[in-house]
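Read the structure below first, then the notes.
Order of appearance sets the numbers: ligands from 1, and atoms from 1 within every ligand.
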Amino acid sequence: MGDAVLQIEAVQQHYEQGDNVLSILKDANFTLNPGETVALVAPSGAGKSTLLHVAGLLEQPSAGEVYIGGRATTGLDDDTRTAMRRSDIGFVYQFHHLLPEFTALENVMMPQMIAGLSYKAASERAQQLLDYLRVGHRVDHRPPELSGGEQQRVAIARSVANAPLVLLADEPTGNLDPTTAGYVFEALDALVRQSGLAALIATHNHDIASLMDRRVTLEDGKVVEG
Ligand code: ADP
């Protein structure tokens with residue numbers, strides 16, 4: 001196993017659709033090492049979200065094993081998987097999924113308070129993260145009052161609030177105009193590198209992909225070097 005933060009081993013994912021079985025992942029293998037950033041670039045429908053959901057313990061694979069920080073996860077019960085997802089995995093979606101009735105600061109505090117941090121500690125860390133991502137001046141605003149780029153920065157801050165082992169991002173800038181996407185990605189990349197996080201980021205943007213340490217793609221349900 002080594003000390004990979006994420007290892008996907010012989011993973012298969014099949015979906016039943018009527019009488020058909022869709023085989024999206026077929027013997028997918030992938031290793032993410034500490035501090036490594038990897039772009040996942042593949043056409044729509046190739047299975048990027050499926051791979052990220054399996055890696056993020058949001059879906060159980062049909063077969064194979066997913067190791068997070070060296071620990072096998074497929075045999076674990078739902079509560080343990082949920083606890084691991086909260087402590088070890090940060091997830092950024094294309095759409096931010098922030099809670100609209102809470103401020104930016106509160107959205108970033110929330111996962112920390114669920115993890116047991118005090119109000120003071122959680123608010124200080126949230127402020128630091130939002131400052132780092134250059135939205136520190138918007139902490140008291142609610143998501144609907146923020147621009148798309150600002151919303152995504154807050155979502156990124158929230159995803160790393162509990163200092164996860166691995167960051168998974170599913171087209172995190174896919175909903176933004178190219179200039180804003182560039183700025184948001186720069187902020188994400190700087191945060192990941194400064195904190196020594198490992199990240200697997202699905203993107204259609206080749207400029208963004210070229211900034212990562214490594215690129216992989218999905219071909220016929222397998223992960224191959226891109
Ligand atoms: P990508 O992220 O590369 O666009 P996805 O992983 O979202 O690809 O989807 C790959 C394929 O799997 C698509 O054809 C999609 O319709 C199918 N798929 C994904 N999730 C499900 C599901 N829960 N049930 C049935 N089919 C699914």
Side-chain angles (χ1 to χ4, degrees), residues 5-32 36-68 73-78 81-82 84-85 88-98 148 151-152 155-156 158-159 164 166-178 180-181 184-185 188-189 192 197-226:
V5 290
L6 164 68
Q7 183 153 7
I8 290 171
E9 197 177 83
V11 160
Q12 301 179 29
Q13 189 65 312
H14 311 294
Y15 298 117
E16 279 178 34
Q17 219 170 45
D19 291 339
N20 293 327
V21 175
L22 288 174
S23 293
I24 305 304
L25 300 177
K26 306 176 202 170
D27 193 26
N29 292 281
F30 174 72
T31 300
L32 186 66
E36 188 180 37
T37 60
V38 179
L40 174 59
V41 187
S44 206
K48 298 183 297 297
S49 297
T50 302
L51 185 74
L52 288 168
H53 291 170
V54 167
L57 312 186
L58 294 163
E59 281 182 41
Q60 279 275 25
S62 311
E65 188 55 88
V66 176
Y67 299 90
I68 304 286
T73 60
T74 57
L76 300 173
D77 61 39
D78 283 349
R81 286 165 60 88
T82 300
M84 281 185 83
R85 205 157 57 229
D88 297 342
I89 297 162
F91 212 106
V92 182
Y93 300 88
Q94 183 170 357
F95 299 99
H96 57 78
H97 297 299
L98 296 169
Q151 290 169 348
Q152 222 32 0
I156 291 165
R158 180 187 54 181
S159 73
V166 53
L167 180 69
L168 303 170
D170 195 353
E171 311 244 8
T173 60
N175 196 32
L176 304 173
D177 67 75
T180 308
V184 169
F185 185 78
L188 171 63
D189 191 48
V192 164
L197 252 176
L200 176 61
I201 301 180
T203 181
H204 280 302
N205 185 323
H206 288 272
D207 292 338
I208 285 175
S210 69
L211 298 173
M212 315 294 280
D213 297 335
R214 192 154 63 88
R215 281 145 294 284
V216 296
T217 188
L218 280 162
E219 272 175 20
D220 192 27
K222 293 183 176 62
V223 182
V224 296
E225 295 295 316

**Asked** Quick one: does Leu188's side chain get under 4.5 Å of Thr173's, heavy atoms only?
**Response** no
**Asked** Under a 4.5 Å cut-off applied to non-hydrogen side-chain atoms, are Leu40 and Val223 in contact?
**Response** no
**Prompt:** For Asp27 and Ala10, which heavy atoms make the closest approach, and how far apart are they?
**Reply:** OD1-CA, 3.3 Å
**Prompt:** Which protein heavy atom lies closest to atom 9 (O) of ligand 1, and at what distance to 0.1 Å?
**Reply:** Thr50 OG1, 4.0 Å
**Prompt:** Atoms of ligand 1 less than 4.0 Å from Ser49 heavy atoms?
**Reply:** 1 (P), 2 (O), 6 (O), 7 (O)
**Message:** My understanding is that only one of Gln13, Gln60, Gln12 makes a side chain to side chain contact (heavy atoms under 4.5 Å, CB included) with Val54; could you say which?
**Reply:** Gln13
**Item:** N or O pair under 3.5 Å between Leu22 and ligand 1
**Value:** no
**Item:** Asp220 with Lys26: basic N within carboxylate O range, under 4.0 Å
**Value:** yes
**Message:** Within the structure provided, determine whether Leu58 and Phe91 are in side-chain contact (heavy-atom separation under 4.5 Å).
**Reply:** yes
**Item:** Atom indices of ligand 1, in the order listed, that fall short of 4.0 Å to a heavy atom of Lys48
**Value:** 1 (P), 2 (O), 3 (O), 4 (O), 6 (O), 8 (O)
**Request:** Please identify which atoms of ligand 1 are closer than 4.0 Å to at least one heavy atom of Ala46.
**Result:** 3 (O), 8 (O)
**Pro43 neighbourhood, listing ligand 1 atoms whose heavy-atom distance to it stays under 4.0 Å** = 3 (O)
**Prompt:** Is the closest protein non-hydrogen atom to atom 16 (O) of ligand 1 under 4.0 Å?
**Reply:** no
**Asked** So, for atom 11 (C) of ligand 1, does the protein have a heavy atom nearer than 4.0 Å?
**Response** yes
**Request:** Have a look at Ser44, Gly47, Gly221 and point out the one with the heavy atom closest to atom 8 (O) of ligand 1.
**Result:** Gly47
**Prompt:** To which protein heavy atom is atom 27 (C) of ligand 1 closest, and what is the distance rounded to 0.1 Å?
**Reply:** Tyr15 CD1, 3.2 Å
**Prompt:** Got Pro61 and Leu25 here, is their nearest side-chain heavy-atom distance under 4.5 Å?
**Reply:** no
**Item:** Check against side-chain contact (heavy atoms from CB on, under 4.5 Å), Val11 and Phe30
**Value:** CA-CA 9 Å; Val11 160; Phe30 174 72; over 6 Å; no
**Asked** In terms of residue, atom name and distance, what is the protein heavy atom nearest to atom 13 (C) of ligand 1?
**Response** Gly45 O, 4.2 Å
